[in-house]
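Shown next, in structure tokens, is the structure this report addresses.
Hydrogens, waters and symmetry mates are skipped; everything else that's a heavy atom, side chains included, is used. Just so you know, these numbers come straight off a predicted model, no measurement behind them.
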Amino acid sequence: MNLTTTLSALVPAGGDLTGYRIGAPQRAGALTVLPIHGPQRPGIVAPRSGLKLHQVVGYGSVELHNGAAAGVAVVPLHIGYIQEGAQNHALCSAALLAAGQTRRFPDACCVQAAQGGYLEGRDQWFFVLPWELRGAALRLRGQEGYSKLWGDISALNRGYGLAARGHLEQIVSRQRAVLTQFRSRLELLPGQLGALFFVGDTFAGIEIAPDPGYFAEVWMPLVCFAYGVAAWRAEPEPVAAEPFDATDPASLRAELTRDRDEYRERLLASLPSTAGAHADEEERYLDLRLHTVTGGGLAGQFVAEQDRLVYASLFAEREPVGATA
């Protein structure tokens with residue numbers, strides 16, 4: 001299926017989206033992924049292999065370093081870092097870092113209340129903020145204050161039956177074994193550089209990377225934490241599947257293919273209208289432009305280079321997390 005029309009509606013002013021294709025849906029409990037293949041933009045530094053958390057210079061202020069010899073790094077939207085024995089932080093915005101550049105982000109969110117210690121550049125792993133927190137975090141970009149997300153984190157924990165504290169590690173660390181099951185139940189395909197995510201039959205977000213290598217490095221944080229947390233909460237009760245009418249392997253394969261295609265069409269037809277969404281430029285590096293999307297029930301950021309999409313992390317806006325806790 002050609003995704004030009006679909007992506008154009010979801011990525012306001014995102015440039016030429018010709019050539020993107022969608023694959024067959026994959027389901028794991030309440031989480032459905034529609035893989036995306038498309039044109040690649042080589043030379044963008046991936047977040048795990050090239051980007052490092054240099055240091056925390058004060059609660060709510062972190063430094064990232066692009067250690068690559070060449071290539072600009074696109075810092076993923078809402079990336080966060082975890083290290084035992086230190087206070088963990090997440091960023092409110094994506095960013096562009098030149099090769100060798102170290103940049104301070106004074107508007108980072110502390111996501112672990114009342115835990116001492118500064119995060120250093122060793123023994124670190126990263127996540128992406130859960131869908132339930134992403135709208136609040138995006139609205140808080142540019143605002144300094146290390147505790148600014150604690151109330152939303154506390155409400156999220158309360159909604160999951162956990163202690164109502166501003167400690168995100170109650171979910172991303174202590175529930176990591178449960179959440180990482182999504183990675184083993186969903187397959188990252190060769191050449192895949194993006195995906196549409198649905199929780200139940202509800203559109204949750206679209207993620208597109210510059211190339212398959214970059215997407216492979218953000219796959220686990222996205223599928224397990226950014227969208228897996230909401231899917232874990234919405235996990236349906238097991239139900240018996242309706243049997244197919246096929247009586248031989250060839251007929252069964254045909255029925256399975258038809259069933260997947262029909263399900264994909266239903267999901268795409270259910271995508272919300274984002275006609276009211278608009279994009280505002282946040283920063284630029286050479287021909288790369290980082291934009292923030294708001295309005296029309298959609299939020300997030302994307303990077304475009306002249307008339308081509310390079311990176312996108314856009315999600316459906318949700319009610320404030322405390323409203324359903």
Side-chain angles (χ1 to χ4, degrees), residues 44-57 59-68 71-83 86-97 101-112 119-142 146 148-149 152-153 168-169 171-173 176 179-180 183 194-195 197 205-210 213-229 282-283 290 292 299-303 310-315:
I44 300 295
V45 177
R48 188 177 68 222
S49 56
L51 189 65
K52 297 298 180 184
L53 180 66
H54 185 251
Q55 64 174 335
V56 172
V57 293
Y59 294 129
S61 184
V62 303
E63 287 184 353
L64 295 186
H65 175 68
N66 176 4
V72 60
V74 175
V75 180
L77 178 60
H78 297 151
I79 191 173
Y81 289 89
I82 293 286
Q83 179 178 299
Q87 203 163 43
N88 306 313
H89 288 72
L91 299 188
C92 293
S93 176
L96 304 172
L97 268 68
Q101 181 183 2
T102 298
R103 177 171 166 183
R104 182 174 298 183
F105 297 87
D107 63 340
C109 297
C110 173
V111 295
Q112 190 175 18
L119 204 62
E120 299 178 0
R122 65 176 190 276
D123 302 327
Q124 57 187 236
W125 60 273
F126 73 85
F127 63 95
V128 174
L129 284 174
W131 180 27
E132 296 95 329
L133 297 173
R134 300 190 77 187
L138 189 69
R139 290 188 291 272
L140 292 168
R141 72 192 187 282
Y146 62 90
K148 58 190 177 180
L149 202 59
D152 295 281
I153 296 172
L168 191 58
E169 87 281 356
I171 294 176
V172 299
S173 293
R176 188 180 180 187
L179 294 171
T180 52
R183 177 178 58 178
F197 292 87
I206 181 171
E207 307 285 340
I208 297 178
Y214 186 112
F215 192 68
E217 294 195 6
V218 296
W219 170 247
M220 192 277 279
L222 290 173
V223 75
C224 298
F225 303 115
Y227 301 106
V229 172
E282 294 276 351
E283 63 178 85
L290 171 65
T292 297
Q301 293 182 316
F302 69 86
V303 174
V310 173
Y311 166 87
S313 182
L314 303 167
F315 50 91

Review point. Is any side-chain N of the basic residue among Glu283 and Arg141 closer than 4.0 Å to the acidic one's carboxylate O?
Key: no
Check your understanding: Which heavy atom of Val45 sits nearest a heavy atom of Gly71, and at what distance?
Key -> CG2-O, 3.3 Å
Review point. So, do Leu222 and Phe215 sit near enough that their side-chain heavy atoms are less than 4.5 Å apart?
Key: yes
Point to revise | Short side-chain to backbone donor-acceptor contact, Tyr214 and Val74, under 3.5 Å | key: yes
Review point. Got Phe197 and Ile206 here, is their nearest side-chain heavy-atom distance under 4.5 Å?
Key: no
Review point. What pairs with Arg48 under salt bridge (charged side-chain N to carboxylate O under 4.0 Å, His left out), at least two apart in sequence or on another chain?
Key: none
Review point. Going from CG on Asp152 to CG on Leu129, what distance comes out if it is rounded to the nearest 0.5 angstrom?
Key: 10.5 Å
Review point. Hey, is the main chain of Leu97 close enough, under 3.5 Å, to the side chain of Asn66 for a donor-acceptor pair?
Key: yes
Exercise for review: Identify the two heavy atoms, one from Asp107 and one from Gly142, that lie closest to each other, and give their separation to 0.1 Å.
Suggested key: OD2-N, 2.6 Å
Point to revise | Verdict with supporting geometry, Val72 and Ile44, side chain to side chain contact (heavy atoms under 4.5 Å, CB included) | key: CA-CA 5 Å; Val72 60; Ile44 300 295; 3.6 Å; yes
Check your understanding: How many angstroms lie between atom CD1 of Ile208 and atom CG of Leu314, to the nearest 0.5 angstrom?
Key -> 8.0 Å
Check your understanding: By ring pair (Phe, Tyr, Trp, His ring centres under 6.0 Å), which residues pair with Phe225, not counting sequence neighbours?
Key -> Trp125
**Study point:** Pairing residues for Glu63 by the side chain to side chain donor-acceptor pair (under 3.5 Å) criterion, not counting sequence neighbours
**Key:** His54, Gln55, Arg104
Check your understanding: Which pair of heavy atoms, one from Ser61 and one from Pro106, lies closest together, and at what distance?
Key -> OG-CA, 3.8 Å
Review point. Do the side chain of Lys52 and the main chain of Gly67 share a donor and acceptor less than 3.5 angstrom apart?
Key: no
Exercise for review: Report the residue from Val229, Leu138, Ile153, Ile171 that forms a side chain to side chain contact (heavy atoms under 4.5 Å, CB included) with Leu133.
Suggested key: Ile153
Review point. Below 4.5 Å, heavy atoms only, C-beta onward: do Leu168 and Phe127 meet side chain to side chain?
Key: yes
Check your understanding: Can you check side chain to side chain donor-acceptor pair (under 3.5 Å) on Ser313 and Glu207, steps first, answer last?
Key -> CA-CA 5 Å; Ser313 182; Glu207 307 285 340; 2.8 Å; yes
**Study point:** Atom OH of Tyr146: over 12 foreign heavy atoms under 6.0 Å
**Key:** no
**Study point:** Side chains of Val62 and Leu91 in contact at under 4.5 Å (non-hydrogen atoms)
**Key:** yes
Revision key, fill the gap. Rounded to the nearest 0.5 angstrom, the OH-CG distance for Tyr311 and Leu77 is 5.0 Å
Revision key, fill the gap. Rounding to 0.5 Å, atoms CG (Leu64) and OG1 (Thr102) come to a distance of 9.0 Å
**Study point:** Shortest non-hydrogen contact from Ala94 toward Leu290
**Key:** O-CD2, 3.5 Å
Review point. Is there a donor-acceptor pair under 3.5 Å between the side chain of His89 and the backbone N or O of Gly60?
Key: yes
**Study point:** Minimal non-hydrogen separation, Leu149 against Ala137, with atom names
**Key:** CD1-N, 4.2 Å
Check your understanding: Taking atom CD of Gln301 and atom SG of Cys92, what is their separation to the nearest 0.5 Å?
Key -> 10.0 Å
Check your understanding: If you round to the nearest 0.5 Å, how far is CD of Glu282 from OG1 of Thr292?
Key -> 3.0 Å
Exercise for review: Run the numbers on Val75 and Arg103 for side chain to side chain contact (heavy atoms under 4.5 Å, CB included), then give the verdict.
Suggested key: CA-CA 11 Å; Val75 180; Arg103 177 171 166 183; over 6 Å; no
